[in-house]
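Everything on this sheet refers to the single structure shown next.
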Protein chains: 2
Amino acid sequence: MKIGELAKRTGCSVQAIRYYEKENLLPSTRRSDGNFRLYDESYIEQLSFIRLCRGLDLSLSEVRQLLSLKNSPGADCDEVNYMMEAHIQQVEARINDLMELNDQLRALRSYCSDQQTVENCGILQSLSSSVDDRPTGDTHDRHNGATFSG
Amino acid sequence: MKIGELAKRTGCSVQAIRYYEKENLLPSTRRSDGNFRLYDESYIEQLSFIRLCRGLDLSLSEVRQLLSLKNSPGADCDEVNYMMEAHIQQVEARINDLMELNDQLRALRSYCSDQQTVENCGILQSLSSSVDDRPTGDTHDRHNGATFSG
DNA sequence: ATTGACTCTATAGTCACTATAGAGTTTAGA
DNA sequence: TCTAAACTCTATAGTGACTATAGAGTCAAT
């Protein structure tokens with residue numbers, strides 16, 4: 001099958017497949033006379049594995065590690081466990097950050113009732129004022145996990 | 001003060017400050033004879049506003065909107081409210097996605113007990129097997145909110 | 001005069017792709 | 001057989017919010 005069919009059958013974009021190949025997550029295939037990539041059924045499984053991992057938010061480098069572990073069946077699977085554990089902790093940390101963030105956003109929203117002008121908008125006031133009444137800005141613990149880390 | 005001091009006093013990197021200037025989030029300053037940027041105290045407040053918004057995960061384009069609203073005090077603040085509401089919903093959707101994800105990861109982790117080989121690793125098996133026993137892969141609802149949207 | 005700390009601009013890199021340009025290939029219908 | 005549409009190819013640029021680096025200039029202290 002050609003790349004378009006593989007894309008359709010895996011729910012993946014054509015460019016993503018080419019990208020995975022370039023990044024050595026998928027082995028390169030044979031080509032047709034016209035230089036089109038030709039895939040057999042086994043690629044559906046391989047690509048689905050990648051998509052499944054990505055759906056779990058694993059990075060491509062983590063997926064690469066899992067793939068190489070898959071190919072050495074005798075190795076013990078501590079590494080897999082370790083990676084999953086680390087990933088779970090990352091996800092949970094991110095959830096905690098976002099929930100804290102959500103509290104702050106909701107508090108902020110409550111400062112502004114409708115039908116006011118920007119001049120009196122509690123949200124903007126609250127975002128603007130927090131500097132003046134604090135000594136240097138170093139003393140309050142800054143929420144530092146909110147920006148995307150990767 | 002020069003850029004380094006501003007950076008220290010706001011907890012911001014020097015490059016980030018230059019970036020904000022380039023992106024028109026901070027007005028450009030006067031320069032010294034040697035072409036160094038010179039800031040007065042008001043920049044601390046302006047930069048802190050930006051950092052605070054970023055700490056709430058607002059995008060720079062959202063921050064830009066807020067800044068322009070701040071500068072038109074007579075306007076009504078519906079826009080601010082609308083933006084905050086949209087942002088809160090985004091954050092909450094992301095939290096839900098991550099919590100679902102977390103359930104899946106924990107389930108996956110439970111499939112593999114220690115001291116096994118990769119060959120028998122329940123995690124890898126479970127990531128690999130889910131294709132063969134399903135018709136096309138289209139029927140099961142794919143978790144599609146896990147990848148970062150921005 | 002020189003060292004070291006700071007600053008400048010410009011450019012490349014990050015991540016996991018998406019989007020586009022410009023070219024070639026294949027397939028279906030007239 | 002011609003042609004148009006649909007597909008594929010490579011290469012390159014763009015996304016967001018920065019960070020990191022190179023190579024040069026500036027400034028303060030010794």
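Order of the sequence lines fixes the chain letters, A, B, ..., with proteins taken first and strands second; residue numbering starts at 1 for each chain.
For the pair A:Glu23 CD and C:dT18 P, the computed distance is 13 Å after rounding to whole Å. The interatomic distance linking A:Leu26 (CG) with C:dC17 (C1') rounds to 14 Å, in whole Å. Between A:Ile50 atom CD1 and C:dC15 atom P there is a gap of 17 Å when expressed in whole angstrom units. Here D:dA17 presents its P atom at 15 Å from CG of B:Leu47, a figure rounded to the nearest Å. A:Tyr19 places its OH atom 8 Å from the P atom of C:dC15, with the value rounded to the nearest Å. When rounded to the nearest whole Å, the span between NZ of B:Lys22 and P of C:dC8 equals 15 Å. As a whole-Å value, the separation of A:Ile17 CD1 from D:dC9 C1' is 14 Å. The interatomic distance linking B:Leu58 (CG) with D:dC18 (P) rounds to 12 Å, in whole Å.
Residue whose closest nucleotide on DNA chain D sits further toward the 5' end, between B:Gln15 and B:Leu60: B:Leu60.
An angle of 30°, rounded to 10°, separates the two end axes of the helix from C:dA1-D:dT30 to C:dA30-D:dT1, each defined over five pairs.
Side-chain contact, A:Arg51 with A:Tyr20: a donor N or O sits under 3.5 Å from an acceptor N or O.
Within 6.0 Å of CD in B:Glu21 there are more than 12 heavy atoms belonging to other residues, nucleotides or ligands.
At the phosphate of C:dT25, neither OP1 nor OP2 sits under 4.0 Å from any side-chain N or O atom of A:Arg31. At C:dC17, one or more side-chain N or O atoms of A:Tyr20 fall inside 4.0 Å of OP1 or OP2 (strictly under the cut-off).
Separation of atoms CG (A:Leu38) and NZ (A:Lys2) is listed at 8.0 Å; rounding is to 0.5 Å. To the nearest 0.5 Å, the span separating OG1 on A:Thr10 from OH on A:Tyr39 amounts to 10.0 Å. Taken from CD in A:Glu62 to CE in A:Met84, the straight-line distance is 9.0 Å, to the nearest 0.5 Å. Put simply, CG on A:Leu26 and CD on A:Gln46 are 6.0 Å apart, with the number rounded to the nearest 0.5 Å.
Side chain of A:Ile3, nearest nucleotide from D:dC9, C:dA16, C:dT7: D:dC9. Side-chain atoms of B:Arg37 lie closest to C:dC8 of the nucleotides D:dC18, C:dC17, C:dC8.
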Atom pairs, protein N/O to nucleotides 22-28 of chain D N/O, distance under 3.5 Å:
{"from": "D:dC27", "atom 1": "OP1", "to": "B:Gly34", "atom 2": "N", "distance (Å)": "3.2"}

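Side chain of A:Arg64 to main chain of A:Glu23: a donor-acceptor pair is present (N/O by atom type, distance under 3.5 Å, no hydrogens or angles).
Using a 4.0 Å heavy-atom distance criterion, A:Arg18 is classed as a base contact.
Ion pairing between A:Arg106 and B:Glu85 fails under the 4.0 Å rule for side-chain N and carboxylate O. Salt bridge present: A:Asp57 and B:Arg94 bring a charged side-chain N and a carboxylate O closer than 4.0 Å.
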